[in-house]
Amino acid sequence: MRAAARTAPALPSSSASAADSADIASRPTLQRYARSLPSLETPAKTRQIENEARTDARFPMKIVTRFAPSPTGFLHIGGARTALFNWLYARHVGGVFRLRIEDTDRARSTPEATQAILDGLKWLGLDWDGETVFQFSRAARHAEVAHAMLAKGHAYYAYETPEVLQRMREAQKAAGKSIRYEGPWRERDAKDAPPGVKPVIRLKAPTAGETVVEDLVQGTVRVANEQLDDMVLLRADGTPTYMLSVVVDDHDMDVTDIIRGDDHLTNAFRQSQIYKAMGWEIPRFAHIPLIHGADGAKLSKRHGALGVAEYRKMGFLPAAMRNYLLRLGWGHGDVDIISTEDAVKLFEIADIGRSPSRFDLAKLTNMNGHYIRAADDAALAAAAEPFIAEKLDRALTPAQRERLGRGMAGLKQRAKTLVELADAALFYCRERPIPVADKARALLDGAGREHVGALAAAFGALGDWNEAALEAAMRDQIERRGAKMGDVAQPLRAALTGQTQSPGLFEVMAALGRDEALGRLADAAK
RNA sequence: GCCCCCAUCGUCUAGUGGCCCAGGACGCCUGCCUCUCACGUAGGUAACAGGGGUUCGAAUCCCCUUGGGGGCGCCA
């Protein structure tokens, strides 16, 4: 039946590498499916047999997932997670992950939003296979399918205007009835059509029985067909509705597994009716619970939902973001820290949870700290540099960049975001004389300044400028002066960094380098 | 209003009938480490929504209630 579907206009093909890996995907994947299916009852078995059939050499079974956002705003956290899950699953089974921009709503779609989504996915490191499909460009094919359904008797013309429909809905609401289309055109002949009204094409949906969706996350979900009405497939202006477009595109793109938000669960019923009407194979559905805000309310643009770009600006690392999003609704035992590499190995749809979760910035921040600490020093310095340059309002000099690189090991223990890291790193990137904070200045009065002066002399006499030598010299001075480490260390820190908090002193001096460190001490001892 | 989904610490979750007077992580509190701040480390706080069943035995299975969420467009 897949073959029959090949009448579609050419779609951009998937990447060659993905096609090459198709055979590896077949066997183990089947077993995984058996596990990930909600029950071992008849439907599951039937589905497994269908999968067997598709291992036919001409149409090797290949998993195809997709992410299909509509470009009406930025890529928010929920969309990002949906994309991540689709991406992970495709990579896990050696399948294909595709991107489709659902821009059929011409009034609300913008190129800026499309760009924001693309940028967000790239930043998150979710690469997709093949070319991006723009749904609007396929409108003619959607209309073609609507007319094919008309020809098969699975659809009909309906002549109500939007205003009439609106009144019908209001009447139903007032009468306490469920809101469904119950117009006369399902049975009436088109020749009775009122003049001047452009018709829509509606699906002739079954009125008896029930529609069942075998959802990989929610299990078997069924609804009585009398609850579902005859939805519009093609608008009066000849453009397709979402419900039609998704089905046609998913079919034409050979999508086998649809992982998407819970809010689409009821759509799945209607969509499977379209699949059935066209005689197309129904893909597997996995409806994942939505992410809510910290207060439990739906995450929306005006309710704490930020675009992925905002998290980037707040100094979160893509790897941390992926890990956090992964743990929102998916788990592998009780492990929290899971690298993307491991996630690709472990990700199973069967392990997706069924209950909604809340977005917790504190936990994301903690995870980000973990990834910062684990990051490579040079890579981290490069990632932090734009944040530092922005705070300084200038680019770093080569010398400052070197100090930053040498100081990174200590810096990264103390930061949970790149913004914090940049703040903490600022003193390495200042030129003498460095600005001194009030609290630090207070430490450089009287006794403090004397300590610094004595220390400067001792350090200046050192042959080797390294942490061990500096520490030995300092301990020696402390002993001679009959002081305590605590009394001497803070003034020294103030002189070196202009702050009261910093990485370890010897590390700071080593990273600063002899000339810079001694210079700063001299500045403070003046 | 009708339909669908969900329900373990404040949050993310482990748990698929006995190993659980419920484990981990974040947060919060306390101690230790210590030149500051962190990191690390030792501990503490805190949950099976309620009610009925089934069973020798229920966080786990069933039903009801309550609560939360989603959908019901010529939006996607």
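Letters A, B, ... are given to chains in the order of the sequence lines, protein chains preceding strands, and every chain is numbered from 1. Remember, predicted model here, so these are calculated numbers, not experimental data.
Atom pair A/Gln172:CD and B/rC3:P shows a separation of 15 Å (rounding to whole Å applied). Rounded to a whole Å, the CD atom of A/Glu210 is 13 Å from the C1' atom of B/rC3. If you measure from atom CZ of A/Arg327 to atom P of B/rG24, you get 14 Å, rounded to the nearest angstrom. Rounded to whole Å, the distance from CD1 on A/Ile338 to P on B/rU13 is 12 Å. Spacing between atom CZ of A/Arg108 and atom C1' of B/rC75 amounts to 5 Å, rounded to whole angstrom units. Atom-to-atom, NE2 of A/His292 to P of B/rC12 comes out at 10 Å; the value is rounded to the nearest Å.
A/Pro503 comes within 4.0 angstrom of a base, heavy atoms only. Using a 4.0 Å heavy-atom cutoff across all strands shown, A/Asn267 reaches at least one base atom of the nucleic acid. Note on A/Thr104: only backbone sugar-phosphate atoms sit closer than 4.0 angstrom, heavy atoms only; bases stay farther off. Here A/Tyr324 lies out of heavy-atom contact (under 4.0 Å) with every strand. Within 4.0 Å of A/Gly329, counting heavy atoms only, lie sugar-phosphate atoms of the nucleic acid but no base atom. Among the protein residues, A/Glu160 comes within range of the nucleic acid bases, having at least one heavy atom under 4.0 Å from a base atom. Across all strands shown, A/Ser502 has heavy atoms under 4.0 Å from base atoms, whether or not it also approaches the sugar-phosphate. Among the heavy atoms of the strands lying under 4.0 Å from A/Leu165 is at least one base atom, whether or not backbone atoms are also near. Within the 4.0 angstrom heavy-atom criterion, no nucleotide atom of any strand lies near A/His287. In this structure, A/Gly333 reaches the sugar-phosphate backbone alone: every heavy-atom distance under 4.0 Å involves primed, P, OP1 or OP2 atoms, never a base. A/Arg202 comes within contact range of the sugar-phosphate backbone alone, with a heavy-atom separation under 4.0 Å but no base atom that close.
Side chains of A/Leu124 and A/Leu84 form no contact here, defined as non-hydrogen atoms less than 4.5 Å apart. Side-chain contact between A/Ile101 and A/Pro69 is present, with heavy atoms from C-beta onward closer than 4.5 Å. Residues A/Leu505 and A/Glu471 have side chains not in contact (no heavy-atom distance under 4.5 Å, counting atoms from C-beta outward).
The side chain of A/Arg373 lies closest to B/rC39 when the candidates are B/rC39, B/rA76, B/rU11. Listed nucleotides: B/rG70, B/rC75, B/rC35. Nearest to the side chain of A/Asp263: B/rG70. You'll find that the side chain of A/Arg414 is closest to B/rC37, out of B/rC35, B/rA76, B/rC37. Taking the side chain of A/Asp334 as heavy atoms from C-beta on, and the options B/rG24, B/rC35, B/rA76, the nearest nucleotide is B/rG24. Considering only side-chain atoms of A/Ala489, the nucleotide from B/rC35, B/rC39, B/rA76 that sits closest is B/rC35.
In this entry B/rU16 has no Watson-Crick or G-U wobble partner, no candidate having both defining distances under 3.5 Å. Pairing for B/rG31 goes to B/rU41, judged as Watson-Crick or G-U wobble with the two contacts each under 3.5 Å. Base pairing annotation: B/rG1 forms a Watson-Crick or G-U wobble pair with B/rC72, both donor-acceptor distances under 3.5 Å. In this structure B/rA25 sits in a base pair with B/rU11, meeting the Watson-Crick or G-U test at under 3.5 Å. Partner assigned to B/rA46 is none, using Watson-Crick or G-U wobble distances below 3.5 angstrom.
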Reading 5' to 3' through nucleotides 26-33 of chain B, protein heavy-atom contacts under 4.0 Å coded B for base, S for sugar-phosphate only, - for none: SS------
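Remark: A/Asp342 engages A/Lys345 in a salt bridge (Lys or Arg N to Asp or Glu O under 4.0 Å) (not counting sequence neighbours). Not counting sequence neighbours, the partners of A/Glu170 by the side chain to side chain donor-acceptor pair (under 3.5 Å) test are A/Gln166. Every residue meeting the side chain to side chain donor-acceptor pair (under 3.5 Å) condition with A/Arg100, not counting sequence neighbours, appears here in chain and number order: A/Glu102, A/Asp250. Residues passing the side chain to side chain donor-acceptor pair (under 3.5 Å) test with A/Glu163 are A/Thr161, sequence neighbours excluded. With sequence neighbours excluded, the residues forming a side chain to side chain donor-acceptor pair (under 3.5 Å) with A/Arg222 are A/Glu210, listed by chain and number. Taking A/Tyr371 as the reference, nothing meets the ring-ring contact (aromatic ring centres under 6.0 Å, His included) condition, with sequence neighbours excluded.
Between A/Asp476 and A/Arg480 a salt bridge is recorded (basic side-chain N to carboxylate O distance below 4.0 Å). A salt bridge does not link A/Arg66 to A/Asp249: none of the charged side-chain nitrogens sits closer than 4.0 Å to a carboxylate oxygen. At a threshold of 4.0 Å, the pair A/Asp237-A/Lys198 does not count as salt-bridged, since none of the basic side-chain nitrogens sits closer than that to a carboxylate oxygen.
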Pairwise N/O distances under 3.5 Å, protein to nucleotides 4-9 of chain B:
unit_1	atom_1	unit_2	atom_2	d
B/rC5	O3'	A/Gln218	OE1	3.2
B/rC5	O2'	A/Gln218	OE1	3.1
B/rC6	OP1	A/Arg354	NH1	2.8

Please tabulate the protein-to-nucleotide N/O contacts below 3.5 Å involving nucleotides 48-50 of chain B, giving atom names and distances.
none

Protein-nucleotides 43-46 of chain B N/O pairs under 3.5 Å:
none

Pairs of donor and acceptor atoms involving the side chains of residues 227-236 of chain A, under 3.5 Å and at least two apart or interchain, shall be tabulated with distances.
unit_1	atom_1	unit_2	atom_2	d
A/Asp229	OD1	A/Arg270	NH2	2.3
A/Asp229	OD2	A/Tyr181	N	2.6
A/Asp230	OD1	A/Arg186	NH2	3.4
A/Asp230	OD1	A/Ala205	N	3.0
A/Asp230	OD2	A/Tyr156	OH	2.6
A/Asp230	OD2	A/Arg186	NE	3.1
A/Arg235	NE	A/Thr239	OG1	2.9
A/Arg235	NH2	A/Pro240	O	2.9

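Between A/Phe85 and A/Phe347, the angle of the ring planes lies from 30° to 60°, which puts this pair in the tilted group. In this structure, A/Phe459 and A/Trp465 have perpendicular ring planes: the angle between them is above 60°, well past the 30° mark.
Sequence order on RNA chain B of the closest nucleotides to A/Tyr159 and A/Arg493 puts A/Arg493 first from the 5' end.
Side-chain contact annotation: A/Arg493 with A/Ser502, donor-acceptor N/O pair under 3.5 Å present. A donor-acceptor pair shorter than 3.5 Å can be found between the side chains of A/Thr211 and A/Asn225. Using a 3.5 Å distance cut-off with no hydrogens or angles, the side chains of A/His287 and A/Asp215 do pair a donor with an acceptor.
Exactly one of A/Gln499, A/Lys391, A/Arg414 qualifies for a side-chain hydrogen bond (donor to acceptor under 3.5 Å, both in side chains) with A/Asp423. That residue is A/Lys391.
In this model, the phosphate group of B/rC74 is approached by a side-chain N or O of A/Arg169 to a distance below 4.0 Å at OP1 or OP2. Between A/Arg270 and B/rC72, a side-chain N or O to OP1/OP2 separation shorter than 4.0 Å is absent.
Residues from residues 465-488 of chain A with heavy atoms under 4.0 angstrom of RNA chain B, sorted by number: A/Arg475, A/Met485.
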